Amino acid sequence: MQRIRLRYTKRGRLRFTSHRDFQRAFERALRRAEVPMAYSAGFTPHPKVSYANAAPTGTGSEAEYLEIALTEARDPEALRALLDESLPDGLDVVDAVEARTSGLADRLTASVWELRLDGVDPAVAERAVAAFLAAGTVDVQRMTKNGLRTFDARAAVAGLEAVSGRADRPADRPCAILRLVVRHVTPAVRPDDVLSGLRAVADLAPPVPAAVTRLAQGLFDEESGTVTDPLAPDREAVTAALSKAAGTAVATAPEGAGSA
């Protein structure tokens, strides 16, 4: 059995698809691309697809991950291209690697988010960010299936800053861009929770809903404050295996092989 790990995106209007909508679209793409999927046992077999930490409905993403199990070996890049062609524009498969390590979900410990606040002056956003970061705790509320829950949105935030707005914004329309790095904790702290916290500590209330996009997710490096690529260990393992195989082939070649 071969395992392939994929990174895919949710762009444009497709950010409004739910995780269940994506699952249905992806399983149809697997059938269209004639991928030799492994299936679960039992009375209702399902293709072996493992999804990891899907973004909330309504948010865009450049870094969603899943893993599939195959019954026959396939070239990861060729498989990526076939699946990408079989999915609608906006749901794009942008990276693929053979799984050579365990624990992909364990390497998704933090996310980098971009929050675009149309109608908010960047200077106002900077003051709100400073107030949020200076607070020891920022209690927010969210409705859950078990009722209204109160939790601290500050502790999970590893980084928050206001960055330069996009050049394509009209000059007469202010737009603040926030860059958020949040750890994956329990209960999960989402971008809308941080926005609720900014409203609580600095009365920051964008006139229109924020446009939220996940830029990256992976292992959080405490020393550098960055989020690393979760597929990098698999790529390194594949490269090491190929180098070892090449070295073995050279070492076992008959004496004089390749000579005129």
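Positions are given from 1 along the sequence. Computed from a prediction, not measured in an experiment: that's the story for all the values here.
- Using a 4.0 Å cut-off between charged nitrogen and carboxylate oxygen, Arg142 and Asp193 count as a salt-bridge pair.
- Of all heavy-atom pairs between Arg32 and Ser86, the closest is NH1-O, 3.0 Å.
- No hydrogens or angles considered: a donor-acceptor pair under 3.5 Å links the side chains of Thr150 and Gln141.
- Side-chain N or O atoms of Thr228 include none that pairs as donor or acceptor with a backbone N or O of Gly218 at under 3.5 Å.
- Counting heavy atoms from C-beta outward, Leu178 and Trp113 have side chains that stay 4.5 Å or more apart.
- Here the side chain of Asp84 pairs no donor or acceptor atom with the backbone of Ala81 at under 3.5 angstrom.
- Panel note: side chain Thr59, backbone Ala55; no donor-acceptor pair is recorded below 3.5 Å.
- Side chain of Lys10 to main chain of Leu91: no donor-acceptor pair is present (N/O by atom type, distance under 3.5 Å, no hydrogens or angles).
- Evaluated for a side-chain contact (heavy atoms from CB on, under 4.5 Å) with Val49, the options Met37, Gln23, Glu67 yield exactly one hit, Met37.
- At least one side-chain heavy atom of Arg11 sits under 4.5 Å from a side-chain heavy atom of Glu62.
- Distance check, rounded to the nearest 0.5 Å: CZ of Arg214 to CZ of Arg190 gives 12.0 Å.
- Leu82 and Phe26 end up in different hydrophobic clusters when Ile, Leu, Val, Met, Phe, Trp and Tyr side chains are linked at under 4.5 Å.
- Put simply, CG on Leu204 and CG on Leu195 are 7.5 Å apart, with the number rounded to the nearest 0.5 Å.
- Donor-acceptor pairing under 3.5 Å is recorded for the side chains of Ser61 and Glu64.
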Show, in sequence, the C-alpha distance, side-chain angles and deciding distance for Arg107 and Thr101, and conclude whether the side-chain hydrogen bond (donor to acceptor under 3.5 Å, both in side chains) test is met. CA-CA 11 Å; Arg107 296 201 291 269; Thr101 64; 3.2 Å; yes

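- Here the CG atom belonging to Leu87 is positioned 6.0 Å from the CZ atom belonging to Phe22, to the nearest 0.5 angstrom.
- Within the model, atoms CZ of Phe220 and OG1 of Thr226 stand 7.5 Å from one another, a figure rounded to the nearest 0.5 Å.
- Donor-acceptor pairing under 3.5 Å is recorded for the side chains of Ser111 and His184.
- A continuous path of Ile, Leu, Val, Met, Phe, Trp and Tyr side chains, each step under 4.5 Å between heavy atoms, connects Leu198 with Val157, placing both in one hydrophobic cluster.
- Between the Asp234 side chain and the Arg100 main chain, a donor and an acceptor come within less than 3.5 Å of each other.
- Residue Ile68 holds its CD1 atom at 5.0 Å from CG of Leu79, rounded to the nearest 0.5 Å.
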One pair to check against salt bridge (Lys or Arg N to Asp or Glu O under 4.0 Å): Arg80 and Asp95. What are the steps and the verdict? CA-CA 7 Å; Arg80 182 207 66 76; Asp95 200 0; over 6 Å; no

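- To the nearest 0.5 Å, atom CG of residue Leu115 and atom CG of residue Leu160 are 8.0 Å apart.
- Outside the 6.0 Å centre-distance limit, the rings of Tyr39 and His46 are not counted as a close aromatic pair.
- In this structure, Tyr51 has its ring center no closer than 6.0 Å to that of Tyr65.
- Comment: Arg179 does not engage Glu161 in a salt bridge, judged by the lack of any side-chain N to carboxylate O separation of less than 4.0 angstrom.
- In this structure, the side chains of Cys175 and Asp118 come closer than 4.5 Å at one or more pairs of heavy atoms.
- Contact of the Val227 side chain with the Asp221 side chain is not registered, since no non-hydrogen atoms from C-beta on lie closer than 4.5 Å.
- When Gln2, Arg5, Arg74 are each tested for a side-chain contact (heavy atoms from CB on, under 4.5 Å) with Glu98, only one passes: Gln2.
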From CA spacing to verdict: salt bridge (Lys or Arg N to Asp or Glu O under 4.0 Å), Asp152, Arg154: CA-CA 6 Å; Asp152 177 23; Arg154 173 65 185 89; over 6 Å; no

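- Linking ILVMFWY residues whenever their side-chain heavy atoms come closer than 4.5 Å, directly or via other members, leaves Ile177 and Val194 in distinct clusters.
- Leu83 is listed as a side-chain neighbour of Leu6, based on a closest heavy-atom distance under 4.5 Å.
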